[in-house]
Asks: 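Right, I'll just put the structure down here and ask away after.
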Amino acid sequence: MSAHCQLTGLKPVFGNNVSRSHRRTRRRWNPNIQQRRYWLPSEDRFVRLTLSARAIKTVDKIGDEAAVARIRARGEKI
């Protein structure tokens with residue numbers, strides 16, 4: 001599973017760990033990705049979405065039908 005959000009497009013960010021002696025090593029910050037299952041009454045089926053924690057709150061606010069419409073508008077297949 002790739003660590004990206006289907007709704008917001010959030011992906012891992014890369015940077016450096018900097019030690020006290022100022023040596024730098026590469027690291028990555030992963031978004032808080034969760035898998036949620038939503039019922040779509042219009043299609044009479046469940047869809048499994050890979051969402052960040054912030055996107056789950058957005059789906060709760062705008063509704064699952066509107067969220068799926070936004071994901072499809074971004075060009076992702078569900």
Side-chain angles (χ1 to χ4, degrees):
M1 177 178 97
S2 64
H4 83 280
C5 176
Q6 289 180 305
L7 184 62
T8 61
L10 198 62
K11 291 189 273 191
V13 179
F14 296 89
N16 289 313
N17 270 336
V18 182
S19 69
R20 185 160 182 233
S21 64
H22 216 65
R23 290 179 61 174
R24 294 164 189 244
T25 55
R26 296 299 284 177
R27 65 161 292 181
R28 82 188 235 167
W29 287 269
N30 288 321
N32 185 5
I33 298 294
Q34 311 291 324
Q35 279 198 337
R36 291 294 282 263
R37 202 173 73 138
Y38 293 99
W39 172 255
L40 293 181
S42 63
E43 298 180 14
D44 200 33
R45 70 181 182 110
F46 282 100
V47 291
R48 187 176 299 274
L49 300 178
T50 305
L51 301 171
S52 64
R54 190 181 83 202
I56 290 172
K57 294 176 187 177
T58 303
V59 171
D60 291 342
K61 184 177 179 181
I62 67 172
D64 47 6
E65 295 280 348
V68 168
R70 281 190 193 181
I71 292 171
R72 287 186 174 140
R74 289 185 70 236
E76 290 211 29
K77 185 180 177 199
I78 296 177

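Note that the structure is a prediction, hence the values are computed from the model and not measured. When reading the values below, keep in mind they use all heavy atoms of this one structure, side chains included, and skip hydrogens, waters and symmetry mates.
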Asks: Roughly how far, to the nearest 0.5 Å, is the OG atom of Ser42 from the CG atom of Asp64?
Replies: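 Those atoms lie 8.5 Å apart.
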Asks: Could I get the full list of side-chain hydrogen bond (donor to acceptor under 3.5 Å, both in side chains) partners for Asn16, not counting sequence neighbours?
Replies: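 For Asn16, the residues satisfying side-chain hydrogen bond (donor to acceptor under 3.5 Å, both in side chains) (neighbours in sequence not counted) are Arg26.
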Asks: Should the heavy atoms of other residues, nucleotides or ligands under 6.0 Å from CZ of Arg74 be counted, would the total exceed 12?
Replies: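 Enclosed.
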Asks: Using the side chain to side chain contact (heavy atoms under 4.5 Å, CB included) rule, take Gln34 and Leu51 through it: C-alpha gap first, then chi angles, then the decisive distance, then the call.
Replies: CA-CA 5 Å; Gln34 311 291 324; Leu51 301 171; 5.9 Å; no
Asks: Identify the two heavy atoms, one from Ala3 and one from Pro12, that lie closest to each other, and give their separation to 0.1 Å.
Replies: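 So the two residues come closest at O-CD, 3.1 Å.
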Asks: Only counting residues at least two apart or in another chain, list the ones meeting ring-ring contact (aromatic ring centres under 6.0 Å, His included) with Phe14.
Replies: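 Residues passing ring-ring contact (aromatic ring centres under 6.0 Å, His included) with Phe14: none at all.
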Asks: How far apart are the closest heavy atoms of Arg27 and Asn17, and which atoms are they?
Replies: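 Looking at all heavy atoms of both residues, the closest pair is CD-OD1, 3.0 Å.
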Asks: Rounded to the nearest 0.5 Å, what separation is found between the CD atom of Gln6 and the NZ atom of Lys77?
Replies: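 One gets 12.5 Å once the value is rounded to the nearest 0.5 Å.
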Asks: If I compare all heavy atoms of Ile78 with all of Arg45, which pair ends up nearest, and what's the gap?
Replies: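 The pair with the smallest heavy-atom distance is O-NH2, 3.5 Å.
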Asks: Between Cys5 and Ile33, what is the shortest heavy-atom contact and its length?
Replies: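 Reported closest heavy-atom pair: N-CD1, 3.8 Å.
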Asks: Any chance the side chains of Arg24 and His22 put a donor and an acceptor closer than 3.5 Å?
Replies: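 Yes.
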Asks: Using a cut-off of 6.0 Å, state whether more than 12 heavy atoms not belonging to Arg54 lie near its atom CZ.
Replies: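 At most 12 heavy atoms, drawn from other residues, nucleotides or ligands, come within 6.0 Å of this atom.
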Asks: Any side-chain heavy-atom pair from Arg48 and Phe46 closer than 4.5 angstrom?
Replies: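 Answer no - side chains too far apart.
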Asks: Does a side-chain heavy-atom distance below 4.5 Å link Leu40 with Glu65?
Replies: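 They are in side-chain contact.
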Asks: Rounded to the nearest 0.5 Å, what separates atom OG1 in Thr50 from atom CG in Leu10?
Replies: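 Here the rounded value is 12.5 Å.
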Asks: By salt bridge (charged side-chain N to carboxylate O under 4.0 Å, His left out), which residues pair with Arg28, not counting sequence neighbours?
Replies: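 Here no residue qualifies.
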Asks: Between Arg70 and Leu7, is there a donor-acceptor pair closer than 3.5 Å when you use the side chain of the first and the backbone of the second?
Replies: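 Between the backbone of Leu7 and the side chain of Arg70 there is no qualifying donor-acceptor contact (under 3.5 Å).
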Asks: Side chains of Trp39 and Val47: closer than 4.5 Å at any heavy-atom pair?
Replies: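 In short, these two side chains do not touch, never coming nearer than 4.5 Å.
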Asks: Can you find a pair of side-chain heavy atoms, one from Ser52 and one from Asn32, that are under 4.5 Å apart?
Replies: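 Not in contact.
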